[in-house]
Amino acid sequence: MTRTIIAIAGASASGKSLFTQTIYNELVNELESGAIAIIEEDAYYKDQSHLPFEHRTQTNYDHPDAFEHDLLRTHLEQLRKGNAVEVPTYDYAQHTRSDTTRTVTPAKILIIEGILLLSDPALSEEFDIKVFIDTPLDICLLRRMQRDIEQRGRSLPSVVEQYQATVRPMFYQFIEPSKHNADLVVTRGGMNRVAIDIIKSKIKYLLQE
Ligand code: UZR
Ligand code: MG
């Protein structure tokens with residue numbers, strides 16, 4: 001069976017998860033169960049449970065080294081071979097992996113979304129379709145402030161500090177240049193209706209093959 005791995009990359013809070021979830025939610029009822037699976041790159045942030053909490057807050061989470069991309073790559077290879085994998089769960093409040101894992105079964109279509117997927121050449125080789133969500137950075141910042149305070153247990157000063165220290169500089173160093181590795185660039189973000197429909201049609205086409 002041919003399996004297709006679709007990568008959705010772009011800045012933090014650019015709308016990657018929304019874009020991915022919208023495609024999934026709109027397709028899931030029409031398709032056989034297990035036809036599509038989603039994995040987040042964020043789940044592969046390194047385990048830091050051996051470090052004191054104060055050290056964990058100092059990590060540069062916007063740098064490729066913060067991720068265990070090798071494990072992600074191994075998992076993608078396993079899924080492509082038809083084997084299920086145990087995807088880690090990440091706890092943003094504790095800045096480390098949780099004890100639980102999530103079993104992902106080998107779907108025909110696998111969508112993976114995350115900030116630095118296209119910045120790693122070895123990892124990029126695993127992707128059949130590479131999409132970059134190109135949302136203006138000021139919009140990302142506004143969304144990020146709201147999301148991290150409401151959903152990831154952060155204070156406004158910590159969001160502002162992190163944005164200046166790592167989010168913005170690492171965007172320009174790693175994420176923005178990776179746009180050129182994409183097959184498709186989606187402007188505006190997660191609510192680009194035309195782009196959602198195009199990816200949905202492609203998925204349906206692949207599932208009929
Ligand atoms: P998305 N991140 C944290 O803030 N804390 C962590 O423990 C792990 C990750 C942030 C990370 C990055 N950066 O910008 C964002 N910082 O999660 C990526 N600073 O997640 O693509 O969902 O925005
Ligand atoms: Mg997200």
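Indexing begins at 1, ligand by ligand and atom by atom, following the structure's order.
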Problem - Under-2.8 Å neighbours of the Mg ion (ligand 2), protein N/O/S atoms only - result: 1
Exercise for the section: Kindly state whether the ring of His180 and the ring of Phe132 have centres lying under 6.0 angstrom apart. Expected result: no
Practice task
Please work out which of the three classes, parallel, tilted or perpendicular, describes the rings of Phe67 and His69, given edges at 30° and 60°.
Solution key: parallel
Practice task
Mark yes or no for whether Arg147, through its side chain, and Arg152, through its backbone, hold a donor-acceptor pair below 3.5 Å.
Solution key: no
Practice task
Indicate, with yes or no, if Val28 and Ile8 share a hydrophobic cluster defined by side-chain heavy-atom contacts under 4.5 Å among Ile, Leu, Val, Met, Phe, Trp and Tyr.
Solution key: yes
Practice task
Determine, considering heavy atoms only, which of Arg154, Arg152, Gln162 sits nearest to atom 5 (N) of ligand 1.
Solution key: Arg154
Practice task
Would you name the heavy atoms of Arg3 and Ala107 that are closest together and state the gap between them?
Solution key: NH1-O, 3.4 Å
Exercise for the section: For atom 12 (C) of ligand 1, state which one of Thr59, Thr57, Asp91, Asp62 supplies the nearest heavy atom. Expected result: Asp62
Handout entry: Heavy-atom nearest option to atom 21 (O) of ligand 1, drawn from Lys16, Met170, Arg143
Key = Lys16
Practice task
Name the option, out of Glu40, Arg147, Gln94, His63, that contains the heavy atom nearest to atom 1 (P) of ligand 1.
Solution key: Arg147
Exercise for the section: For His95, take its heavy atoms, then give the atoms of ligand 1 lying under 4.0 Å from any of them. Expected result: 5 (N), 6 (C), 7 (O)
Completion exercise
The option among Tyr61, Tyr90, Phe67, Phe171 carrying the non-hydrogen atom nearest to atom 2 (N) of ligand 1 is Tyr61
Exercise for the section: Consider ligand 1: state whether an atom of it lies below 4.0 angstrom from any non-hydrogen atom of Arg56. Expected result: no
Fill in the blank from the handout: re atom 18 (C) of ligand 1, the protein heavy-atom contact at minimum distance is Tyr45 OH, 3.6 Å
Exercise for the section: Indicate yes or no: does an N/O atom of Ser17 lie under 3.5 Å from an N/O atom of ligand 1? Expected result: no
Practice task
Test the Arg168-Tyr163 pair against the cation-pi criterion, namely NZ or CZ under 6.0 angstrom from the six-membered ring centroid and within 45° of the ring axis.
Solution key: no
Problem - Within the 6.0 Å centroid threshold, strictly below: His95 and Tyr45 - result: no
Problem - Main-chain N/O of Thr96 paired to Arg56 side chain as donor or acceptor, under 3.5 Å - result: no
Problem - Check: Phe174 ring centroid to His63 ring centroid under 6.0 Å - result: yes
Completion exercise
In this structure, CG of Leu116 is separated from CD1 of Ile175 (nearest 0.5 Å) by 5.0 Å
